[in-house]
Protein chains: 2
Amino acid sequence: MSKKSSETKQKILEAAKIAFSKKGYDGVSIDEIAQIANVRKSLIYYYFPSKEVLFEEVWVNSIDELENELFGSEEETENYYVKIKNFLRRYIDFLTSKKAISELIRREKTNVLDQDSWKNAKKRYENFLGKIEQMIIEGKKKKCVNDNVEPEVATEMIASVDSVPRKSLLKRVEQMLLKVLLKDNV
Amino acid sequence: MSKKSSETKQKILEAAKIAFSKKGYDGVSIDEIAQIANVRKSLIYYYFPSKEVLFEEVWVNSIDELENELFGSEEETENYYVKIKNFLRRYIDFLTSKKAISELIRREKTNVLDQDSWKNAKKRYENFLGKIEQMIIEGKKKKCVNDNVEPEVATEMIASVDSVPRKSLLKRVEQMLLKVLLKDNV
DNA sequence: GTAAAATTTGAACGAATGGTCAGTAAAAAA
DNA sequence: TTTTTTACTGACCATTCGTTCAAATTTTAC
């Protein structure tokens with residue numbers, strides 16, 4: 001794939017991301033995306049076989065970006081207090097800075113998990129949730145996370161934070177989550 | 001309007017409520033709603049001039065039902081500690097029992113507030129939020145709500161609770177909100 | 001410079017969508 | 001019973017939608 005080609009593809013992906021995040025999958029037409037990206041509609045079909053696949057690629061990229069910011073920096077510490085605290089801080093930073101992706105996830109995550117047609121998107125999102133769950137499980141093994149915390153429930157709790165408006169409230173929720181999750185030796 | 005007429009209209013509204021809550025406004029067609037309600041498509045247009053108006057009526061009814069459950073029972077007390085505590089308890093009860101309406105609001109509230117076309121729906125929802133805000137303002141006057149709480153922000157916080165999954169987590173969030181909002185003389 | 005490959009375009013298609021309307025059936029009024 | 005009003009139907013329309021494709025243009029390889 002040449003430079004120009006991947007540039008165009010990127011332009012389409014970016015336009016689709018913005019459109020889907022603002023209006024949702026069903027609220028956006030290929031024409032609309034083409035207009036935003038400033039390309040002809042048929043060109044979109046040169047790069048993507050269908051609207052569904054385009055959405056899935058946008059989704060997977062978005063989760064990649066989120067996951068990278070949350071788990072990417074190779075953590076030196078094995079201290080799960082620090083690990084989980086850092087994780088939540090990074091998550092909240094992401095939610096307040098990367099608005100388009102956050103809004104996209106908030107809007108479509110239910111559909112991604114329910115809908116059978118978006119298999120790749122679903123698999124990618126479940127994999128991401130699985131990493132959070134794994135972190136909680138490890139935290140329990142290391143005696144940092146409360147024994148009464150069910151990892152699956154804790155994961156749902158953490159993921160639901162993406163619907164919280166305003167940074168001030170997010171900070172409160174962060175504190176609440178830390179209190180609920182971690183054993184309280186300071 | 002005869003009995004049969006209002007029964008049919010109700011059947012359509014109910015079908016639309018379920019469909020919209022599951023798939024969102026853009027994800028649902030009039031044909032689909034007609035199928036669920038077991039009526040012909042054109043009959044829907046006998047009762048509603050457009051899909052938009054149908055949605056707005058579903059929305060307004062839903063907010064009515066919610067508001068009625070939260071503010072309806074004529075409270076005897078003027079104690080705003082009790083009032084706000086009861087309010088939050090009722091809200092959480094509603095979210096866990098009336099799933100369709102809760103999901104509808106969660107799905108579409110952003111669109112209702114943004115979109116200019118759904119004027120009635122927007123006005124109704126803003127009026128509902130206004131009542132919550134008013135309760136906070138009164139609570140401040142009565143020295144029950146913390147001085148540093150901004151009513152508008154508090155309202156957003158409370159409204160965002162509709163995105164919280166699981167009753168166990170909802171109970172936690174309820175406690176957090178009470179802690180943030182109310183002065184802590186037990 | 002020319003051939004081959006990759007990229008972009010515009011026109012078109014069938015299906016689905018929101019919406020209309022003339023007409024039929026049923027209920028209420030007379 | 002007849003008339004008038006109300007409730008319902010089916011056929012149809014215009015538009016938008018996702019999608020296809022042959023042809024044009026641009027880029028790359030030789």
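Numbers restart at 1 for each chain; the letters A, B, ... are given by sequence-line order, proteins then strands.
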Item to check | Sidechain-backbone polar pair: B/K9 side chain, B/Y47 backbone, donor-acceptor under 3.5 Å | outcome: no
Checklist entry - Whole Å only: how far is the CD atom of A/E52 from the P atom of D/dC17? => result 17 Å
Item to check | Side-chain donor/acceptor contact of A/K41 with base of D/dT19 under 3.5 Å | outcome: yes
Item to check | Whole-Å gap separating C1' (D/dT19) and CZ (A/F48) | outcome: 15 Å
Next on the checklist: Testing the 3.5 Å rule here: is there a donor-acceptor pair between the side chains of A/T110 and B/R106?
Outcome noted: yes
Checklist entry - Side-chain donor or acceptor of B/S42 under 3.5 Å from a matching atom on the base of D/dG10? => result yes
Next on the checklist: Expressed as a whole number of angstroms, how long is the span from A/D26:CG to D/dG18:C1'?
Outcome noted: 13 Å
Item to check | D/dT19 phosphate, OP1 or OP2, under 4.0 Å from A/Y45 side-chain N/O | outcome: yes
Item to check | Gap between atoms CG and P, on B/L43 and C/dG19 respectively (whole Å) | outcome: 15 Å
Checklist entry - Within the structure shown, what part of the strands sits under 4.0 Å from A/V28 by heavy-atom distance: base, sugar-phosphate, or nothing? => result sugar-phosphate
Checklist entry - In whole Å, what is the span from the CG atom of A/D31 to the C1' atom of C/dA11? => result 13 Å
Checklist entry - Rounded to whole angstroms, how far apart are OH on A/Y46 and P on C/dA11? => result 21 Å
Next on the checklist: Expressed as a whole number of angstroms, how long is the span from B/R40:CZ to C/dG23:C1'?
Outcome noted: 17 Å
Checklist entry - In whole angstroms, how far is the P atom of D/dC12 from the CD1 atom of B/I30? => result 21 Å
Next on the checklist: Between B/M135 and B/I137, is there shared hydrophobic-cluster membership here, with clusters defined by ILVMFWY side-chain heavy atoms closer than 4.5 Å?
Outcome noted: no
Next on the checklist: Quick check: do A/L70 and A/K131 have side-chain heavy atoms less than 4.5 Å from each other?
Outcome noted: no
Checklist entry - Where each residue is assigned the nucleotide of DNA chain D containing its nearest heavy atom, which of B/V39 and A/P49 is assigned the position nearer the 5′ end? => result B/V39
